[in-house]
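Down below is the structure, laid out as structure tokens.
Since the model is a prediction, treat every value here as computed from it, not as a measurement.
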Amino acid sequence: MVADERRIQEARARESGKPAEIVAKMVEGAVNKFLGERTLLGQPFVKDDKQTVEKMLGAKKGQGECLCIPGGRRRHREEVE
């Protein structure tokens, strides 16, 4: 999926007529945006769309909070260790 998106973005960037180094940067930026929109950690957090899920989780982890994802399997401490 990422390789397909990279090929699409390379074709679009080449059509712009820009130099090769600029095309490479354009492709990398487009692929990073593509991944950010499709991965959970890169998506905006529902309750605060100014931060990503990854940043929210990092902040909560630092506060020692336990986070549960609905639909996820819960484990008791003994199972994890």
> Taking all non-hydrogen atoms of both residues, which atom of Ala13 and which atom of Val23 are closest, and how far apart?
Replying inline: CB-CG1, 3.6 Å
> Does Glu10 come within less than 4.0 Å of Arg14, counting only side-chain N to carboxylate O?
Replying inline: yes
> Checking side chain to side chain contact (heavy atoms under 4.5 Å, CB included) for the pair Val31/Val2: CA distance, chi angles, key distance, verdict?
Replying inline: CA-CA 7 Å; Val31 169; Val2 176; 4.1 Å; yes
> Are Val27 and Leu35 in one and the same hydrophobic cluster, where Ile, Leu, Val, Met, Phe, Trp and Tyr link if side-chain heavy atoms are under 4.5 Å apart?
Replying inline: yes
> Could you give the distance from CG (Asp4) to CZ (Arg7), rounded to the nearest 0.5 Å?
Replying inline: 4.5 Å
> Out of Lys55, Gln51, Glu54, which residue meets the side-chain contact (heavy atoms from CB on, under 4.5 Å) rule with Phe45?
Replying inline: Gln51
> So does Arg12 have more than 12 non-hydrogen atoms from other groups sitting under 6.0 Å from CZ?
Replying inline: no
>> Applying salt bridge (charged side-chain N to carboxylate O under 4.0 Å, His left out) to Glu28 and Lys33, what does each step give before you reach the verdict?
In response: CA-CA 9 Å; Glu28 284 305 309; Lys33 181 180 177 188; over 6 Å; no
> What pair of heavy atoms forms the shortest contact from Leu41 to Thr52, and how long is it?
Replying inline: O-CB, 3.5 Å
> Are any of the side-chain heavy atoms of Phe34 and Met1 separated by less than 4.5 Å?
Replying inline: yes
